[in-house]
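Each remark here refers to the structure printed beneath this line.
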Number of protein chains: 2
Amino acid sequence: MNHLPEQSADRSVPTSADVARLAGVSRATVSYVLNNTSAVRISEPTRRKVREAAESLGYVPHAAARSLRAGHTSIVLLPTARVPSGAFFGRFFTELHEALRRLDYTVVQYGSLGLGPDEAARAWAELRPVAVVSFGEIALTPHGVNVLKRSGARAVVTLGPECVEGAHSLVMDQRGIGARAVEHLIGRGCRNIGVVQPEEPALAPFSALRLAGARTAADGTGARVEPLALACDEKSAAALAARWRGLGLDAVFAHDDEYAMLLMRALQDEGIRIPEGTAVVGCDDTLIGRLLRPRLSTVHIDLVTGQQLAELVDRAVRAPDGTGEQHDVMETWVVHRESS
Amino acid sequence: MNHLPEQSADRSVPTSADVARLAGVSRATVSYVLNNTSAVRISEPTRRKVREAAESLGYVPHAAARSLRAGHTSIVLLPTARVPSGAFFGRFFTELHEALRRLDYTVVQYGSLGLGPDEAARAWAELRPVAVVSFGEIALTPHGVNVLKRSGARAVVTLGPECVEGAHSLVMDQRGIGARAVEHLIGRGCRNIGVVQPEEPALAPFSALRLAGARTAADGTGARVEPLALACDEKSAAALAARWRGLGLDAVFAHDDEYAMLLMRALQDEGIRIPEGTAVVGCDDTLIGRLLRPRLSTVHIDLVTGQQLAELVDRAVRAPDGTGEQHDVMETWVVHRESS
DNA sequence: TTGAAAGCGCTACCAG
DNA sequence: CTGGTAGCGCTTTCAA
């Protein structure tokens, strides 16, 4: 814990007691007025006095004290290791936020970079969230789920590559994504298929599984699968493209649409035609892919909408006896365009 | 008392009192052991007993209770209305998160969609953050800053289009961005300049200011500035491109690189050559721009690094008497490539 | 209609 | 070395 200077004692933060004193009433009355408690009736003049006192002091209730007293929070925790980049997660996140807010939850994205899975779960549990929606950048273990539930979380939802015991899991089958791409490429007659492995560490868990799925799909078909390290910059792409002909590949699954754009450009600059020389498949079905020429074939992931997920969370929170554990797998399929 | 197995679905959340009871010590001792308080020395056997009891109960301290007692939190609040999209903010955010974590802050992104500026400031103040770093998607008013400071925030930093009184402001001069783009285009001989106005509401405050800056730059030069509504999808872009020749424009500032890519593609599909027929300038200097053909000219914004911003926050928090209010304007300049 | 007081979980002071 | 205990700010029951 870092040692912070004491908060200004001179201009200290006003409490409900200060409001009560200024309004000439008790703390209880202040609470009743400011929370519009319907169980008790407070006279209009008193209400006004309290409101004015609160206003003039700049009183803001202390969320920690309130939730301590209440015994629960309305926090929905969205752990975020890396900020999900791109249009794919972006819209989803915004939707989810909005929907949860409409349901009167306090949405908190808690950054947990550099924590192990169980450390992270503990850190989240300290906030006593009523629900946790994890996006799989951080692995949530069964033990972690247990810690969260024991700390009072009424819903734990994971949206990741694998289902997690104890949590309501929405499985985004990363192996399946790799498999879909490679099956598609094999179907188009390709036999030597590169699979991009981004060097960005946050993407490693995804790309490793996609590679595994790609291998499974190629198994026994006579096709070859070749991992290709690639950083998200032009130099790296140019270097890869420069040794492309030596690799003897006729297709590549580029991890996502952005990497696909990067690599496609480098290959084109190297004089390699797409899809004749090399077929390219991206992932996420973003706008980029439709704007590229040739138009990019891509793996579409049928992500649940933010609204639906928010409703799922809300149902689990309100359910009488915890969440019925449930596992859904998201569909994935290839959108075939011109690059393959 | 029954010993609870790990997977026991116990209704009540264990507290430090439960740990104390199980370990046969007082709550104070539990606190000392689990916080490694150096002021007191606890015997090793006692420590072990406490640790084991905590472990077996799945005890997790209650952050709200702790910060209530401590009188302050170590929360740095990052309000996020819309999730900043794209590589531009993405890396910045990740950096900032990481750097703040290294400095032992609890980073909380608090979603405040659909709240007015003062409502939002109040909601943030309820969490008693030690610092707030606002990204200008939500306007922070001087009054809002005041509310936050009064609630104990020791640093309020805004990163937005304008400086905010009372806060440490990093000004990303939106007018200047529009002006830079238009000055550049005028310098390239363009006289009829479109300025894209994204239909996405979250971008409106930015694009309106950029348009204003564009107009100022064109004023008295004989150049004409024309706002162009555009949604972030192909249909909208195609529709705009279809009536392009009728607009009589010879240049366009496309708000950002993504809109530039979208519009450039639509114009090219319409048979309009770039830059000869129409010059295009984007903004943010992202990877996309370098991959496009022709390569995209763009307005580069010299954003502070996440590390630097984290250090700024930390300094302000630790400063003996609040933050010295300060205003910095970020530099912007045009990176000239092939599209203009 | 209002007030007094208990107590949420935790830490820090002060006795033993 | 360890335990008792006060009190952080708030809500809510019970009493006046």
Side-chain angles (χ1 to χ4, degrees), chain A residues 1 3-4 6-7 9 12-50 53-54 57-74 125-128 150-152, chain B residues 11-50 53-54 57-74 125-128 130 150-152:
Chain A
M1 208 95 220
H3 292 259
L4 304 168
E6 277 305 306
Q7 275 166 0
S12 71
V13 185
T15 72
S16 76
D18 297 321
V19 177
R21 208 171 305 124
L22 183 58
V25 299
S26 75
R27 271 150 65 225
T29 306
V30 171
S31 178
Y32 291 142
V33 172
L34 296 183
N35 294 313
N36 280 317
T37 308
S38 52
V40 288
R41 308 189 78 79
I42 307 276
S43 69
E44 200 45 54
T46 306
R47 302 182 97 89
R48 255 219 348 271
K49 268 195 304 191
V50 170
L57 287 174
Y59 169 72
V60 175
H62 194 307
R66 175 179 288 172
S67 68
L68 183 56
R69 168 67 220 221
H72 62 88
T73 70
S74 60
E126 290 191 1
L127 297 184
R128 297 290 191 271
R150 284 251 282 279
S151 83
Chain B
R11 282 286 295 160
S12 66
V13 183
T15 72
S16 77
D18 296 322
V19 177
R21 206 172 305 125
L22 183 58
V25 299
S26 75
R27 272 152 59 227
T29 306
V30 170
S31 177
Y32 293 143
V33 171
L34 296 183
N35 294 313
N36 281 316
T37 308
S38 51
V40 290
R41 307 197 82 76
I42 307 276
S43 71
E44 200 45 53
T46 308
R47 301 181 97 88
R48 258 225 336 279
K49 267 195 305 191
V50 170
L57 287 174
Y59 168 72
V60 174
H62 194 307
R66 175 179 287 171
S67 66
L68 183 57
R69 169 67 222 219
H72 65 259
T73 69
S74 59
E126 290 191 1
L127 297 183
R128 298 291 190 269
V130 71
R150 283 248 283 277
S151 83

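Chain identifiers are assigned alphabetically (A, B, ...) following the order of the sequence lines, protein sequences preceding nucleic acid strands; residue numbering begins at 1 within each chain. Because only heavy atoms are used, hydrogens play no part in the values below, and waters and symmetry mates are left out as well, while side chains stay in. Treat the numbers as computed from the prediction; the structure is a model and nothing was measured.
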Kindly say if [X] contacts the phosphate of [N], meaning a side-chain N or O under 4.0 Å from OP1 or OP2.
X	N	answer
B:Ser16	C:dC10	yes
A:Thr29	C:dG3	yes
A:Tyr32	D:dC10	no

Spacing between [X] atom [atom1] and [N] atom [atom2], to the nearest angstrom:
X	N	atom1	atom2	value
B:His72	C:dC10	NE2	P	17 Å
A:His62	D:dC8	NE2	C1'	8 Å
A:Arg128	C:dC10	CZ	P	7 Å
B:Arg48	D:dT2	CZ	P	13 Å
B:Glu44	D:dC1	CD	C1'	13 Å
A:Arg27	D:dT13	CZ	C1'	14 Å
B:Arg66	D:dG9	CZ	P	18 Å
B:Leu34	D:dT2	CG	P	14 Å

Base, sugar-phosphate alone, or nothing: which one does [X] contact when heavy atoms must sit under 4.0 Å apart?
X	value
A:Thr46	sugar-phosphate
B:Thr15	sugar-phosphate
A:Thr37	nothing

A:Asn36 vs A:Arg47, test: side chain to side chain contact (heavy atoms under 4.5 Å, CB included). Steps then yes/no.
CA-CA 10 Å; A:Asn36 280 317; A:Arg47 302 182 97 89; 3.6 Å; yes
Out of [options], whichever nucleotide has its closest atom nearest the side chain of [X]:
X	options	answer
B:Ile42	C:dG9, D:dT2, C:dG7	D:dT2
A:Val40	D:dT2, C:dC10, C:dT2	C:dT2
A:Ser26	C:dG3, C:dC10, D:dC10	C:dG3
A:Ala28	D:dT12, D:dC10, C:dC10	D:dT12
B:Leu68	C:dC14, D:dC8, D:dT11	D:dC8
B:Arg41	C:dC13, D:dT11, D:dC1	D:dC1

Test item: A:His72 and A:Arg128 side chains (from C-beta on) under 4.5 Å apart, heavy atoms
no
Please round to the nearest 0.5 Å and tell me the distance separating atom OG of A:Ser31 and atom CZ of A:Arg66.
8.0 Å
A:Thr73 to A:Ser67 - nearest heavy-atom pair and separation
CG2-CB, 3.8 Å
How close do A:Thr29 and A:Ile42 get, counting heavy atoms only, and between which atoms?
CG2-CD1, 4.0 Å
Is B:Arg69 reaching over with its side chain to a backbone N or O of B:Ala64, donor-acceptor style, under 3.5 angstrom?
no
On DNA chain D, more 5' by nearest nucleotide between A:Val60 and B:Ser43 is B:Ser43
